[in-house]
Protein chains: 2
Amino acid sequence: MSSMTTARIPAAPQARLGLRERKKLKTRTAIRNATYALISEQGYDATTVEQIAERAEVSPSTVFRYFPTKEDIVLTDEYDPLVEDLLRERPAEESLLDSLRFVIRQGLRMAVADDPDFAEREMKLRIGLMAKVPAVRSRAMESMSVTGRLMCRAMAERTGRDENDLEVRVYAMGLMGALLEACIYWAERDCQDDLLDLIDRTLATFKDLPKR
Amino acid sequence: MSSMTTARIPAAPQARLGLRERKKLKTRTAIRNATYALISEQGYDATTVEQIAERAEVSPSTVFRYFPTKEDIVLTDEYDPLVEDLLRERPAEESLLDSLRFVIRQGLRMAVADDPDFAEREMKLRIGLMAKVPAVRSRAMESMSVTGRLMCRAMAERTGRDENDLEVRVYAMGLMGALLEACIYWAERDCQDDLLDLIDRTLATFKDLPKR
DNA sequence: CATCTTTTGACAGCTACTCTCATTTCATGG
DNA sequence: CCATGAAATGAGAGTAGCTGTCAAAAGATG
């Protein structure tokens, strides 16, 4: 689930990117940081795109050019491919549920790697917003279905089924829904529990999808 | 899943409701019918609330008084309590998955009861919109979490767990996500398959949640 | 430096949605 | 049947998210 990870682009070869690309990345994170700051100060609804634009020192049009909706500023990240790679690296015989457990563990570990405090605060803010603000939760569910299709591909490889099999699609979305609910559960209890433990228990409520 | 059923209020004692209540019901369905008609003619996005208000012969303010958002006009129904009742009538020993199978079957049967053609057209329109229009799908997912809480209550009774147990919450949302995906799958294939069959196969991908 | 492309900002416009307030419509007790 | 109170409605103004266009600015390229 993309919207749970918070790491920056994993050791991106920021070296030679061309001035243009570097600027783009900069404004992108400027917008995001401005948004996080403003939301922390005054809440989600009270924060307008104009304010975000002002603090990020860009025009409102630019904000919408980078993020199609306000919710996307909070939620969008680009880690689906990372998850997909990690998943593909796991042995094909391993059950999908086990692989998932591993990948999520690994993903969170990488996310917290270089700046634990920042990563943790940001993750709590995001998941908190997901739990409290309907619009954000809504958007998270949308992105859940994207990540779900990714799961479908992974499952198709494992089980020898087609990635458009009803069973595959349905199982993937069930998983995603469950994982998202686990996050909401976590946020509702003020992030007191161990998220990895919750995820383990969540995955345990599923049976393996039979091959073929 | 409330947003799948399309029956009218089950034999509501429309008899003595008071003129006021009857009028309210009337405008409510007027708005809904206007919306369905307009969307069938010109699509969801091209249909504005003003047009809906005009065709339903009410003011725009009134539309918003009846439905908080445009998506709600399409999706809102009041059948969660019906589902809950049906579910509670099932024997407590029956597995939740079996009960669900039965209740959905029964629910669909009741929905199609008095005017099969209308019910079928409306259901296909709604589920089709859910599959195609992001905003509607989004809203459907929101309402899914409401119905999910209902499932939690039912499961709590069966398994002797608390309705706020992580396992219960997560299992319920997994189920809802899977069922919703089944509907989308159905719509994507132009409603060619037998929806009940798809739902059976969907439920079969789950294991029973152990008691306690 | 000149030219071409990409990115940006300013602006106008649409629509979903909210709020307020005066008016109308229904309910009720005398 | 009428007067009083309560609820539903309509009108209008206002906010904010989001889209589109177009000209100016900034980076890339030879």
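Atoms considered below: every heavy atom in the structure, side chains included; atoms not considered: hydrogens, waters and symmetry mates. Chain A is the first sequence line, chain B the second, and so forth, proteins listed ahead of strands; every chain is numbered from 1.
Applying the ring-ring contact (aromatic ring centres under 6.0 Å, His included) test to pairs two or more places apart or on separate chains, those with a residue in residues 171-197 of chain A are Tyr171(A)-Phe206(A).
Residues meeting the salt bridge (Lys or Arg N to Asp or Glu O under 4.0 Å) test with Arg158(B), sequence neighbours left out: none. The salt bridge (Lys or Arg N to Asp or Glu O under 4.0 Å) search around Arg105(A) returns Asp200(A), not counting sequence neighbours. Annotation: salt bridge (Lys or Arg N to Asp or Glu O under 4.0 Å) contacts of Arg55(A) (sequence neighbours excluded): Glu41(A). The salt bridge (Lys or Arg N to Asp or Glu O under 4.0 Å) test applied to Lys132(B) returns no partner, not counting sequence neighbours.
Between Leu19(B) and Glu50(B), the residue anchored nearer the 5' end of DNA chain C, judged by the nucleotide with its closest heavy atom, is Glu50(B).
If you take CD of Glu71(A) and C1' of dC18(D), they are 11 Å apart, rounded to a whole angstrom. Look at CZ on Arg139(A): it is 16 Å from P on dG17(D), rounded to the nearest Å. Computed from coordinates, the Phe64(B) CZ to dA13(D) P distance equals 17 Å when rounded to whole Å. Across the protein-nucleic acid pair, Asp45(A) atom CG and dT18(C) atom P stand 11 Å apart, rounded to whole Å.
Checked by atom type, the side-chain pair Gln106(B)/Arg109(B) shows a donor-acceptor distance below 3.5 Å.
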Protein-to-nucleotide contact annotation, 5' to 3' order, nucleotides 4-15 of chain C [B base; S sugar-phosphate only; - none; under 4.0 Å, heavy atom]: -BBSBBB----S
